[in-house]
Number of protein chains: 2
Amino acid sequence: MGKPGPKRTLSEDAIVAAALEVLDERGADAVSVRSIAARVGIAPNAVYTYFPDKAAVLRAVVDRLIGEQSLAVLAGDEPWQDRIRTVALGLRSSLLRHPGAATLLMSAPMDGPRALEFGERLLDVLSEAGFTPEDAARLSYALIVYILGAIALEAAEVDPSRPAPPEEERIALRRNGFAKVPADTFPRTAAAAEVMARYVSTEQFLWGLDRVLGRATIPS
Amino acid sequence: MGKPGPKRTLSEDAIVAAALEVLDERGADAVSVRSIAARVGIAPNAVYTYFPDKAAVLRAVVDRLIGEQSLAVLAGDEPWQDRIRTVALGLRSSLLRHPGAATLLMSAPMDGPRALEFGERLLDVLSEAGFTPEDAARLSYALIVYILGAIALEAAEVDPSRPAPPEEERIALRRNGFAKVPADTFPRTAAAAEVMARYVSTEQFLWGLDRVLGRATIPS
DNA sequence: ACCTGAACACCGTTCAAGT
DNA sequence: ACCTGAACACCGTTCAAGT
């Protein structure tokens, strides 16, 4: 439509924003170079002016999603475990708001600036809490594994091509899934179905996080 | 080439095996309905005789990978934590042998028969260890989150279109990644780089697993 | 430097037809 | 029931050309 020109009419950020809009409105499968380009009004191949390939766009999307969560709370004066809990919960609700994003999360190394910032602040907190640099590094890695793993598994259950459902609906979905487990071959799983279904939720997320944080609440 | 016939010349298993071969030889991106079909010698659309769609094939591949790990050790007479450690390590090395598989792992609910079997045996162990059904359910979920999350993050670092590298090489890859972190803006991350790089390994995997299992080894 | 149109080599899936 | 060839509506990416 518009006349071509040498001026830079867009930015990397505009591309990423468009990708995120497509992700939210039409699901992960609909995020293509062509759909992104159409949304910002350029030819598909013009995207390659801003990013080397599609994977780079997706990495930038993931980094932007991580950046949606404010890290200010990590510098507060509550107990350090509470600060980590708060920021983990925030990251979880940020990411669950974008179904399909979780798949992207686990499929590429997280080396974007916002992801690095997150890791750095986590190390700050753990250092302040008295951990040696080595233990802080290990614990921060274990925390990230748990947080992202939990989010990815929660998101895996929902249809990525539809808008993000609320927690209640996700629990119901899971209940339906477990209802199909044959009780004769998997008796324990069937018996635990109700608990399993309910605990794809804030409560189970925090329960596991506390285990990693070192607050055992049950006998071992 | 061959003449068409009404006989069932293949099986679901043959399709899954072919998909796994393509995954290992040419990477995750090369796993297409067409490449799978070509490998077993049928037309692409004949795959739809065995599976409703591509996603179902991938789910079956994931279930088969989970089944590669023997669960016999879970019924042994060592301490229950040791049995869980052993089976977690086995699952990890099984899955890391197939790079790109980890992405599949997190992108769909794990409701295949082998995955259910794994969960059931885990509940057996935890029940035998004295956990209430509710705590056993929560802990088994937390363990699965940690195990799969750790594997997915480890696998995310490697190029999925090339054969799986050994642990040494994965550590070196990670070291290179951290070497690029600017020390002035992310001082703690840069300082922890060597630890972070080394602990994408059996050692860090077990360290975090022990946290979830409840064996805190550092002050909290 | 940034954009375009056209093309290349692919996809997943559906359909009508054959045995 | 299981397979085929042909087609549909897409992909990511590259290239030569325009401003």
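Just so we're on the same page: letters track the sequence lines, and every chain starts at 1. Computed from a predicted structure; not experimentally measured.
- Rounded to a whole Å, the CD1 atom of I36(A) is 11 Å from the C1' atom of dG12(D).
- Remark: dC10(D) base-pairs with no nucleotide; criterion is Watson-Crick or G-U wobble with both hydrogen-bond distances under 3.5 Å.
- I15(B) has its CD1 atom 11 Å from the P atom of dC2(D), to the nearest Å.
- When both distances must be under 3.5 Å, the Watson-Crick or G-U wobble mate of dC3(C) does not exist.
- When the P atom of dT14(C) is taken as reference, atom NZ of K54(B) falls 14 Å away, rounded to whole Å.
- The side chain of I42(B) lies closest to dT4(D), out of dG12(C), dT4(D), dT13(D).
- Which of dT13(D), dG12(C), dC3(D) sits closest to the side chain of Y48(A) comes down to dT13(D).
- In this structure, D53(B) atom CG and dT14(C) atom C1' are separated by 13 Å, rounded to whole Å.
- Put simply, the side chain of R138(B) does not reach to within 4.5 Å of the side chain of R211(A), judged on heavy atoms.
- Rounded to whole Å, the distance from CZ on R26(B) to C1' on dA9(C) is 13 Å.
- When each of A46(A) and S32(B) is assigned the nucleotide of DNA chain C bearing its nearest heavy atom, the one mapping closer to the 5' terminus is A46(A).
- Note: CD (E12(B)) to P (dC2(D)) measures 9 Å, nearest angstrom.
- Contact between the side-chain N/O atoms of Y50(B) and the OP1/OP2 oxygens of dC3(D) is found at a separation under 4.0 Å.
- When the C1' atom is used for both dA7(D) and dC11(C), the distance is 14 Å, rounded to whole Å.
- Looking only at side-chain heavy atoms (C-beta outward), Y141(B) and L153(A) come within less than 4.5 Å of each other.
- Here dG12(C) presents its C1' atom at 12 Å from CG of L58(B), a figure rounded to the nearest Å.
- The OG atom of S201(A) sits 10.5 Å away from the CD atom of E168(A) when rounded to the nearest 0.5 Å.
- Across all strands shown, dA17(C) remains unpaired; no Watson-Crick or G-U wobble contact has both distances below 3.5 Å.
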- Please test S35(A) against R26(A) for side chain to side chain donor-acceptor pair (under 3.5 Å), starting from the C-alpha separation and ending with a verdict. CA-CA 10 Å; S35(A) 63; R26(A) 296 168 47 207; 4.8 Å; no
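- Closest to the T49(B) side chain, of the nucleotides dC3(D), dC11(D), dG12(C), is dC3(D).
- Expressed to the nearest 0.5 Å, how far CZ of R174(A) lies from CD of E169(A) amounts to 15.0 Å.
- Between R34(A) atom CZ and dA9(C) atom C1' the separation is 12 Å, expressed in whole Å.
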